[in-house]
Amino acid sequence: MKKILAVAKWEYLQKLRSKAFLVSLFLMPVIIVAFGVLPTIFATTEDKDTKVIGVIDQTGVVARPLASRMESLYRLSNGQPNYLVHIIAGSSDMDFQQAIASATDQVVRNEMEGYCIIRDNIMSDSVVEYRSRNVGDFRLLTRLEGSLRNVLQERRLIQRGLDSRLLSELRVPMDLRTIKIGKSGETEEAGFATVWFTAYIFLMMLLFMVQTSGQLLVRSFIEEKSNRIVEVLVSSCSPTNLMAGKVLGLSALGLTQLGFWGLIGIAVSAQYGLHGIAPEQAALQFVYFILGYLLYAALFIAAGSPLTTEQEAQQVTSYLVLILIIPLVIALPAMQNPNAAWIKVLTFIPLLTAPMMAVRIPIQIPSATELVLTIALMLASIYAAMWVAGRVFRVAILATGKRLSIGEMLRLVRAD
Amino acid sequence: MTLRISNLRKDFSNVRAVDGVSFEVTPGEILGLLGPNGAGKTTTIRIILNILQADAGEVTYDGRPFSEEIRNTVGYLPEERGLYRKYRLLETIVYFAELRGMAAGAAVTEALRWLERFSLLEYKNSRLEELSKGNQQKVQVIISIIHDPQLIVLDEPFTGLDPVNQILLKDVLLELRRNKKAIIFSTHQMEQAEKLSDTICLINKGRVILSGSLRDVKRQHGRNTVRLEFTGDASFLHTLAGVRKALVYQNTAELDLSDGATPQQVLAQVLSRVELRRFELVEPSLQSIFLEAVGARVEETPPPPLTVAAGSEKAP
């Protein structure tokens, strides 16, 4: 036990000071912010200048109400209108073609953001064309679409004889708020973004932890093997103790990482007055984290100890980490329907349990039966994986030169 | 500690690396494990240290089989040198000492003492990669002896050390012998083996072909051996009448005379052809014994029993 602790202490302290670890420690929060928060911030950033939108209106009745709506409703932060609608005459066919040509010209010369074409049959088919160099301005498109719909609806209602003053009285502004109902019925305000972001953060943390510590572990194997330090190690303490010490040290490293990120998370959410996640959620996440981490550690030992070069190590670690990407991909459908059978099935695959739970727990805490079963399954898998890893490790760590084939490794595992 | 190995055998996929090797080392004894490259020295050493398991045979430590406690009483310098390149000297030494069961505090004290002894104290906080090869090797020697082991196994400890450090290491080993440690060292350098060993064990192709106390081995081979020092071209010595075998170097030569030939006959022939500075009757060098034993082994099949009373009495 003393030797296990000596190995654990050494692995922990040396890796704590390694560049790879420090980089991941600080890089991870930066990346989370970069990928998770920045796009939202950019997407919600207000325009700085008024944008000019052209309208070519064959009907002659849509352009004006559209213009007044767009110009009055949306304002820049300095009080100026966000959009200026430039009505381009184009009633006759001849004029129409000319109008399009000149509007296009203005767009090309950056004098105009884009322009809409409203044709004669708009009232029947409701098709409007918007032409612009940038068709990805999500906010502008939403606003334009909303305004057009509004104007057209109004037109139709007025055609049916409704009073326009009555109309404005009847119009209902809509603001949909989502309230998440917890297990025992308590409610909290949680939008799609919050849930998605929480799940995403947990997944990324798991990914980063496994990636960093897996790489550190495999790299240390390779150094110890190529330098034959391992001979001294294995003559000083048994391979089993050596492996146990490494796993222990590495887990301590993972916990340090997790603790550090946790503190950052708490600090950030306190700063912005965000909801922290509920304690029971945090506790569950923590349990699955540790279990997932240990399982991957065993895999890294089994897959990493036979390796002899850095390149091989890179490949193996990336393949293993790739497994963790799967839940990232299916996170969205999982959120739409957390109770789908296939989601549950995936959760019961030990390699995916931890990342799947990272996604599922923020959405809806799975049933107690499911929790107990997955945890039991994880414990069993960890035990089995460590057992196999120990066998491979004992022999592979000493082998140099020729890499062991899969067949040879299987034989090692079976042989006593 | 008395280490006894008997009839050790180890096979790798299609090679028998160690084939019936036996020897014994007692406290206060230095055993030189000799043999050409690939003879099975390192495999034998790894089995002694429980890094590899023998396919057959037995290793006992003070009469008992290997146990976890044994790990704390053996020291090992592997042949292929290497340490954690990025880590600091003192920390590394202390880590390995702790792995051998030392308490951290005692490990630091001892590490500093040995660093001073090996003139490495100024580097105690340097990274290992900043040290020269020779200095790294000295660090490894420290790691192999810091925990006061009773059995010390050094695989090629002298290669890579400059003459000053070779003398330093030799002094340390002799001191350890005085303190009743059992020491095994393997080497290709016969001069070192000759200076240090009490007993030798010469292995070739996995088999012991010569073993016993250095004195016995030499006496056994001490036929007519003549050592010369001269100036001039001495290549004729190889074909000289009455010379069974000649080792000719730039200015010196060692001649093994045929049965019946006398040193006088040889002297007479040599005098006329080179400028002789020295001519003496000597015990054969370990080098020539080594070459003869290994050479004979290579040429003849089946090999003749060259073993000098395996397990013979050690020098008193």
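Chain A is the first sequence line, chain B the second, and so forth, proteins listed ahead of strands; every chain is numbered from 1. The basis for the numbers below is simple: all heavy atoms, side chains too, and nothing from hydrogens, waters or symmetry mates.
Evaluation of the side-chain contact (heavy atoms from CB on, under 4.5 Å) rule for B/Pro36 yields B/Ala39, B/Asn204, B/Phe290, B/Val294 as partners, not counting sequence neighbours.
Ion pairing between a basic and an acidic side chain is recognised when a charged N comes within 4.0 Å of a carboxylate O; B/Lys10 and B/Asp19 show no such pairing.
Between B/Leu34 and B/Ile203, every side-chain heavy-atom pair lies at or beyond the 4.5 Å cut-off.
A donor and an acceptor atom, one from each side chain of B/Arg100 and A/Ser235, are located under 3.5 Å apart. Side-chain contact check for A/Ser24 and A/Gln257: at least one donor-acceptor pair (N or O, by modelled atom type) lies under 3.5 Å. Counted by atom type alone, B/Glu29 and B/Thr26 present one or more donor-acceptor pairs between their side chains at under 3.5 Å.
In this structure, A/Tyr293 contributes its side chain and A/Leu250 its backbone to a donor-acceptor pair below 3.5 Å.
Interface residues of residues 40-72 of chain B toward chain A, defined by a heavy-atom distance below 4.5 Å and sorted by number: B/Arg46, B/Leu49, B/Ile51, B/Glu68, B/Arg71, B/Asn72.
Contacts of A/Glu231 with chain B are made by both backbone and side-chain atoms, with heavy-atom separations under 4.5 Å. For a residue to count as touching a neighbouring chain, one of its non-hydrogen atoms must lie under 4.5 Å from one of that chain's; by this rule B/Glu91 touches chain A with backbone and side chain alike.
Chosen from A/Pro239, A/Cys237, A/Gly245, the residue pairing most often with chain B at heavy-atom distances under 4.5 Å is A/Cys237. Contact count against chain B (heavy-atom pairs under 4.5 Å) is highest for A/Leu233 among A/Asn241, A/Val234, A/Leu233.
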